[in-house]
Amino acid sequence: MEYTKEALDSVLAQLEPADQTFENEIYARWDKKAKPLGSLGRLEEMAARLGGIYRTVFPKTGKKAVVVMAADNGVVNEGVAQSDYHVTTTVTCNMTREDATVTILAHMNGADVFPIDIGMKEDVQTPGVWNRKVCHGTRNMAREAAMSQKQLFKAMFTGIDVIQQLKAQGYGLFATGEMGIGNTTTSSAVASVLLGSPVERVTGRGAGLSSEGLRRKIDAIRRAIDTNRPDPEDVPDVLAKVGGLDIAGLVGCYIGAALCQVPIVLDGFISSVAALAAVRLAPVCRDYMFPSHCSAEPAGKLVLDALGMEAYLNAGMYLGEGTGAVTVFPLFDTALAAYEKIPEFEEVHIKAYEHLV
């Protein structure tokens with residue numbers, strides 16, 4: 001297929017919002033449950049939203065998947081990270097067994113992890129790593145555009161395709177994750193442009209930069225924006241010029257979730273930036289998104305605010321990989337179990353509560 005804006009627009013035109021009719025019916029059913037009205041708070045909202053997404057008053061999530069987009073970033077040549085591309089390779093391969101944090105947490109919470117090589121610098125033959133490489137890492141955005149438009153759209157379509165494939169295998173609840181040295185630099189650049197916010201406000205220390213390292217990181221982002229002049233009104237232009245292949249792949253995952261009508265959970269700063277890009281491209285994507293936690297990165301809350309979302313969890317996390325997203329998976333099970341099992345007022349011989357003005 002052709003990887004073009006026109007092809008993407010054709011997909012976006014197929015997206016449909018969640019069905020409010022089912023959401024409303026589930027809220028009405030909650031009001032019949034033997035408990036104070038609305039007393040389970042956002043758990044009630046979660047169950048209702050799942051009904052709207054799945055188009056049923058009896059939602060079931062099916063199997064759970066964590067999709068981890070792995071890619072390298074040429075901007076690491078500017079000294080913006082402690083590590084190099086070898087760490088991207090090692091951690092991604094470790095995700096095929098319980099040698100990576102996200103895999104450990106995923107198995108604890110009943111989910112499977114799918115690491116996707118969408119743009120790692122090194123080639124790997126590790127069973128379990130999906131080879132969807134667009135190219136061997138991006139170019140140095142501080143000196144030129146990170147990628148071509150064709151590479152960008154190919155990465156986005158890769159994300160769409162991954163969600164479609166996994167849904168066909170019975171997965172119905174997704175979490176987003178990423179792995180790539182230097183990707184808080186690209187995410188901060190994208191956030192700065194899309195939010196119209198100063199670089200220093202949206203840029204943090206990532207995986208533990210020194211003060212001098214942070215200065216280099218901020219300088220590299222400023223130079224990337226000055227050199228490439230991304231158009232904040234043109235999301236593909238921003239992603240191609242100062243983004244990363246992992247971010248582009250995650251944008252595709254969010255579009256794929258809306259296309260397949262399945263819920264998808266944001267992780268931290270990087271996947272939230274990708275979510276913001278997806279929503280700017282197609283606002284309907286937001287209907288299928290759930291936040292997980294608020295990243296400790298400086299722009300973590302800024303991006304969630306821009307999305308109009310409030311995190312379910314505030315735990316000071318900033319590991320990435322999908323660790324925050326998979327940590328809230330049990331909330332979905334809890335919400336649906338409560339919705340299914342709590343008896344109605346008449347079943348337990350209690351007078352029903354009424355909504356009072």
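Since the structure is predicted, the reported quantities are computational estimates derived from the model, not experimental observations.
Of the possible donor and acceptor atoms, one in the side chain of T88 sits under 3.5 Å from a partner among the backbone N and O of I181.
A salt bridge links E340 with K60: the closest approach of a Lys/Arg side-chain nitrogen to an acidic carboxylate oxygen falls below 4.0 angstrom. Ion pairing between a basic and an acidic side chain is recognised when a charged N comes within 4.0 Å of a carboxylate O; E44 and K35 show such pairing. Ionic pairing of R215 and D219 is not present here: no N-O contact between side-chain nitrogen and carboxylate oxygen is shorter than 4.0 angstrom. Salt-bridge check for R49 with E45: failed, with every basic side-chain N at 4.0 Å or more from each acidic carboxylate O. Look at R143 and E78 and you find a salt bridge, because one of the NZ, NE, NH1 or NH2 atoms lies within 4.0 Å of a carboxylate O, short of that distance.
Ring centers of Y54 and F22: at least 6.0 Å apart, outside the cut-off.
Counting non-hydrogen atoms of other residues, nucleotides and ligands closer than 6.0 Å to CD of E212 gives a total above 12. Environment of CD in E144: crowded, with over 12 heavy atoms of neighbouring residues, nucleotides or ligands closer than 6.0 Å. More than 12 heavy atoms of other residues, nucleotides or ligands lie within 6.0 Å of CD in Q169, so this atom counts as buried by the packing criterion.
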With salt bridge (charged side-chain N to carboxylate O under 4.0 Å, His left out) as the criterion, how do D333 and K64 come out once you've worked through the C-alpha distance, each side chain's angles and the decisive distance to 0.1 Å? CA-CA 11 Å; D333 298 328; K64 305 178 183 71; 3.2 Å; yes

Test log, rule side chain to side chain donor-acceptor pair (under 3.5 Å), inputs H107 and D112: CA-CA 7 Å; H107 287 181; D112 298 317; 5.1 Å; no

Show the numbers, then the answer: is there a side chain to side chain donor-acceptor pair (under 3.5 Å) between N183 and D246? CA-CA 8 Å; N183 61 7; D246 51 351; 3.0 Å; yes

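To the nearest 0.5 angstrom, E354 atom CD is 9.0 Å from L37 atom CG.
In this structure, N228 and V242 approach most closely via the heavy-atom pair ND2-CG1, 4.2 Å. Nearest heavy atom pair, residue M120 against residue K133, reads O-NZ, 2.7 Å.
Listed by chain and number, the residues in a side chain to side chain donor-acceptor pair (under 3.5 Å) with E200 are R222 (sequence neighbours excluded). For F345, the ring-ring contact (aromatic ring centres under 6.0 Å, His included) partners two or more places apart in sequence, or in a different chain, are Y353.
Contacts classified as salt bridge (Lys or Arg N to Asp or Glu O under 4.0 Å) and involving residues 298-308 (residues at least two apart or in different chains) are given here: K301-D305.
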